[in-house]
Amino acid sequence: MDRLKKLPVPGQRILRTMIAVWLCLLVYVLRGRQGEPLYAGLAVLQCIQPYTKTMRTVARKRITGTLVGAFWGLALLLFEQWLVSRGHEEPWLHFSLVGLFTGVVLYFTVLLKVSETAYFSAVVFLVICIKHAEDVSPYVYAFNRTLDTAIGVAVAEIVNRVHLPRLRKTDTLFVSSIGDTILGPDRKLTPYSKVELNRLLEDGAKFTVATSETQATVRELLAGVELRLPVITMDGAALYDMKTMEYLETLTMSGEKARRLVDWAHREGLPFFSNSVEENLLVIRYEELANPAMQQLFEQKRRSPYRNYVHSPADLDRDLLYLLILEKTELLEEKLRAFLAESWSGDYRAVLAPSPFAGYSTLKIYDAAVSRRAMLQKLQQRLQPGETVTFGSIPGQYDVVIESADHNHMVRELKRRFEPVDLRGWRNIFHS
C-alpha cells in the first residue's frame, strides 16, 4: 500500500492525450470508418505538449511535414504509373526510386527552409510509397493521409486548449521559499511542478521565490522554470532580476562592520568565503580552502558562469553581503556561542544551518538589517500588488505552510489560489 501511495499521479498531458485519441476514434466512426485513425492518433501523440508554444510548433511541423511528404509520395506514385504504362514494371526500379526520392524529400525541406520537418516529411513519403504503392488511386490516399493528420492536429489543438472556467488572480503576488517547499527530498523539481509553474507564469501568475541561496543556485535548482519577476536571494541580502541578470537591490554591511567581522573570523581561526556584488557580478573571495568541505564546495561551484571565485583576502572596500563559514558542526556551534557573546553581535544576523557535507555545517553572517521580509517589502514597492501570499515550511512565518514538498503540494496550492474554478472565469475556458 505504501508503494502505491508513492506512485506518481497521472498528469494532465496523459489525461488529455487519452481524451484526444478517443475523440479521433469517434470522428473516424462518425465519418463512416473512412480514412485511417492511426495517423490521426499519431498526430495527437506528437501535438499534445505541456506548453502551448511547443504544441503550436509541433503541430506546424506535423502539418508541413505531411504536406511535403504527401506531395512527393503522390508525385512518385504517378511517375511509376506512367512508367508502368510504358512497360516498365521491374520491382528493383520501384525500390531504387523510393531511395532516390527520399533524398529528394529531405533536400526539398532544406530548399523550403523547413528542415525541422524533414523527419515528418520522410515518414509520410515512405508510408505512401512503400505501404500504399499499389493503391488504386494515389490521389485519394494522399488526400486522406493529409486529412487524417489534420484531424489529429485539430483535435489535439482543441483538447490542449480547453480548460475548466478559472478566475485568475493576476494582481496577487505569490512568493515561495525553495528548499523544503518546492523541491522534494532529493532537492529536485518534479516534472509536474516545472510544467505547472511555467503554465501558471504564462497565464499571468505573479510568482517568485525567496531563498537563502545565491541567484546562481536558484538557476540550478529551478532550471527550466521561466521566472519573470525578481527573486529574493541570499536570505534577503539581494533582489535579482533573472531576465536582465541585474541586481536590483542589495543590503550590505558598512566598511566598519565588515572589517570588525573579518577581524573576528581571523582571530577565531575560521576560514571563510566572502560574498559581494561587484560591477553587477557575484564575487566570492577566499584566502584558503582550509578543509575538505571547503574544497568540495569550491570544486562543485566554481565552474558556474554566474559565480566568480577569487583567491584573495576579502575586499573590505567593496560592499560585503555576507560571510560564509564552512566548518565542522561542533566547532561552529562553539564559535557561534562566542560570536553571540560579543557586545557588538547585535549588528549582525548569524544563521547556522546543516551543509551537504557530512559532519560540517555552514554559518552565514549578514548585516542585522538583512531579512527576506525586508527585501519582500522592497519588491512590493516595485510591483504594487493587490495582496501578497507567501509559502514556506515554518509555521507562523508564512501565509501558507507547506508541510512536505512531496507530491507537488506547493504548486498544487499555488494553482488553487491563483486560478480557482469559478464560472465567472468562463472567458478562460479556451486557453490562447
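Residue numbers run from 1 in the order of the sequence given. These numbers come from the heavy atoms of this one structure, side chains and all, not from hydrogens, waters or symmetry mates. None of these values were measured; they are calculated from a predicted model.
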Does [X] reach the side chain of [Y], with side-chain heavy atoms less than 4.5 Å apart?
X	Y	answer
Glu246	Tyr240	no
Leu227	Phe207	yes
Leu297	Leu324	yes
Asn308	Ile284	no
Leu197	Leu414	yes
Leu261	Asp347	no

Give a yes or no on whether a salt bridge exists between [X] and [Y], defined as a side-chain N under 4.0 angstrom from a carboxylate O.
X	Y	value
Arg302	Glu299	yes
Asp203	Arg168	yes
Arg199	Glu196	yes
Lys188	Glu220	no
Arg349	Asp367	no

Donor-acceptor check, side chain of [X] to backbone of [Y], threshold 3.5 angstrom: yes or no?
X	Y	value
Asn275	Leu282	no
Thr149	Thr66	no
Thr362	Ser355	no
Ser121	Thr117	yes
Asp171	Pro385	no
Thr329	Gly359	yes
Asn408	Val411	no
Asp148	Ala40	no
Gln296	Ala293	no
Thr109	Leu106	yes

Residues [X] and [Y]: side-chain donor-acceptor under 3.5 angstrom:
X	Y	result
Gln377	Arg373	no
Arg285	Ser274	no
Ser276	Glu278	yes
Ser304	Arg219	no

Looking at [X] and [Y], what are the two nearest heavy atoms and their distance?
X	Y	value
Ser393	Pro395	O-CD, 3.4 Å
Leu126	Thr102	CD2-OG1, 3.6 Å
Val44	Cys24	CG2-SG, 3.5 Å
Met245	Asn280	O-ND2, 2.8 Å
Leu200	Glu419	CD2-OE2, 3.6 Å
Met294	Glu288	CE-O, 3.4 Å

Got a sec, which residues hit side-chain hydrogen bond (donor to acceptor under 3.5 Å, both in side chains) with [X], two or more places apart in sequence or on another chain?
X	value
Tyr28	none
Thr388	Gln380
Asp263	none
Glu387	Thr172

Of all pairs that satisfy salt bridge (Lys or Arg N to Asp or Glu O under 4.0 Å), the ones with a partner from residues 114-124, not counting sequence neighbours: none

[X] vs [Y] aromatic rings, parallel, tilted or perpendicular, using cut-offs 30° and 60°?
X	Y	value
Phe273	Tyr309	perpendicular
Trp264	Trp344	perpendicular
Phe391	Phe174	tilted

Tyr286 ring center within less than 6.0 Å of Phe272 ring center: no

Partners meeting salt bridge (charged side-chain N to carboxylate O under 4.0 Å, His left out) with Glu268 (sequence neighbours left out): Lys335

Salt bridge (Lys or Arg N to Asp or Glu O under 4.0 Å) assessment of Lys243 paired with Glu226: CA-CA 9 Å; Lys243 295 188 296 181; Glu226 298 179 4; over 6 Å; no

